[in-house]
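Remember, it's 1-based here, ligands and their atoms both numbered in the order they're listed.
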Amino acid sequence: MLLRDDAFDGKVCLVTGGGTGLGLEVSKRLLRHGAKAVVVASRSVEHHEEILAAGKEVGGVVDSVPLDVREPDRVDETFRAAAERHGGLDVLIANAAGNFVAPSMRLKPKAWRAVIDIALSGAFYTCQSAGRLMKEGGGGSIVTIGTTYAWTGMPGVVHSAAAKAGVLAMTRTLAVEWAPMNIRVNNVAPGPFHSDGAQKNLWPDDEFRRRIEAAIPLRRFARVEEVADAVLYLASDAAGYVTGECLVIDGGGWLGKGLGG
Ligand code: HXC
Ligand code: NAP
């Protein structure tokens, strides 16, 4: 365990896409580390059942809210209402994203927009609404989720790569712009890890997955717990002097593209 048990004591935390995959793991850990409330926001509240059950188990407050991050007015209303219910907003994990593999030559405008609107614009709308509340509350911490193909590129995911590159530029920009308001903004860039969403949309067959693993110097995917550790560190006061950083958790994956990797 990287952090003190009480690392998020008294903090109100909001995780977009907090009911599945990485968001679920992060939400569970925020609860275990003493968060005053963990608000999980995504399109399908059915996805929030596991985190609601985890909240009951540890006696923590989990607030499940339906939200499509593509709708900026709804994002703003939802965030403000959550802050009113719980007494402010201290931490945002901008985790929601959408993805699928499609060759760029055949990518339809609607398909491009679906991913850009969720992964880039949605990340901005959520950061903006959270930033306004954090400014009112005297500060806060935001972690965005990227990936290494934001700078390496990857065939078949031009929409997601462009979105994640935008998220990284946005993270660094907001970090500098909002530092005077005591708001830190950082990015975690994982390589591949298992989630049902990624498996369904990115590596449905085992052979493809094995080929990706073989190209990673540590020869395996990340464990979701390892990625969540990085997210929690940056979100916590332990990283109180860190802002605008991009923490890569990829088993040496992108560096390994050099000679001998
Ligand atoms: C080609 C596709 C497609 C596919 C959708 N589209 N799926 N095109 N191949 N598999 C296109 C179609 O043109 C479609 O228009 C348009 O996208 C919109 O699709 P909808 O299903 O209507 O959109 P929506 O309901 O908004 O769903 C969003 C989604 C979906 C992004 C398409 O995949 C989703 O909900 N994803 C969330 C979960 C997820 O992706 N998790 C993985 C995250 S992993 P038409 O006209 O045909 O309807 C990740 C980083 C991995 O992000 C990094 C690894 C290193
Ligand atoms: P995931 O479980 O599919 O997570 C995506 C989450 O986003 C879901 O909980 C989904 O919930 C939510 N979401 C999607 N569209 C939304 C919308 N329009 N509005 C609100 N919420 C929405 O996949 P994951 O692998 O854990 O991904 C989590 C993050 O890690 C993403 O940012 C992803 O890009 C990043 N990442 C993943 C990998 C990987 O290998 N898995 C690698 C690098 C980076 P609903 O369906 O309920 O809306």
Sorted by chain and number, sequence neighbours left out, side-chain contact (heavy atoms from CB on, under 4.5 Å) with Phe221 holds for Pro192, Trp203, Arg209, Ile212, Glu213, Ile216
Those residues with a heavy-atom separation under 4.0 Å from ligand 2 are Gly17, Thr20, Gly21, Leu22, Ser42, Arg43, Ser44, His47, Leu67, Asp68, Val69, Arg70, Asn95, Ala96, Ala97, Ile118, Ile145, Gly146, Thr147, Lys164, Pro190, Gly191, Pro192, Phe193, Ser195, Gly197, Ala198, Trp203
For a 4.5 angstrom cut-off between non-hydrogen side-chain atoms, does Asp68 reach Arg74? no
Using 4.0 Å as the upper bound for N to carboxylate O, is an ion pair formed by Arg85 and Asp63?
-> yes
Sequence neighbours excluded, the answer for side-chain contact (heavy atoms from CB on, under 4.5 Å) partners of Asp206 is Arg210
Atom CG of Asp205 with >12 non-hydrogen neighbours under 6.0 angstrom = yes
_Quick check: do Lys257 and Thr152 have side-chain heavy atoms less than 4.5 Å from each other?_
no
Of Asn182, Asp90, Leu92, Val185, the one forming a side-chain contact (heavy atoms from CB on, under 4.5 Å) with Met134 is Leu92
Checklist entry - With distance as the sole criterion, is a donor-acceptor pair present between the side chains of Thr144 and Thr171 under 3.5 Å? => result yes
Note every protein N or O atom lying under 3.5 Å from an N or O atom of ligand 1, pairing the names and giving the distance.
residue, atom, partner, partner atom, Å
ligand 1, 26 (O), Arg70, NH1, 2.8
ligand 1, 26 (O), Arg70, NH2, 3.1
ligand 1, 33 (O), Asn99, O, 3.4
ligand 1, 35 (O), Arg43, NH1, 3.1
ligand 1, 35 (O), Arg43, NH2, 2.9
ligand 1, 40 (O), Asn99, N, 2.9
ligand 1, 40 (O), Asn99, O, 3.4
ligand 1, 40 (O), Asn201, ND2, 3.2
ligand 1, 46 (O), Lys110, NZ, 3.3
ligand 1, 48 (O), Lys110, NZ, 3.2
ligand 1, 52 (O), Asn99, ND2, 3.4

CD (Glu226) and CG (Leu22) are apart, to the nearest 0.5 Å, by 12.0 Å
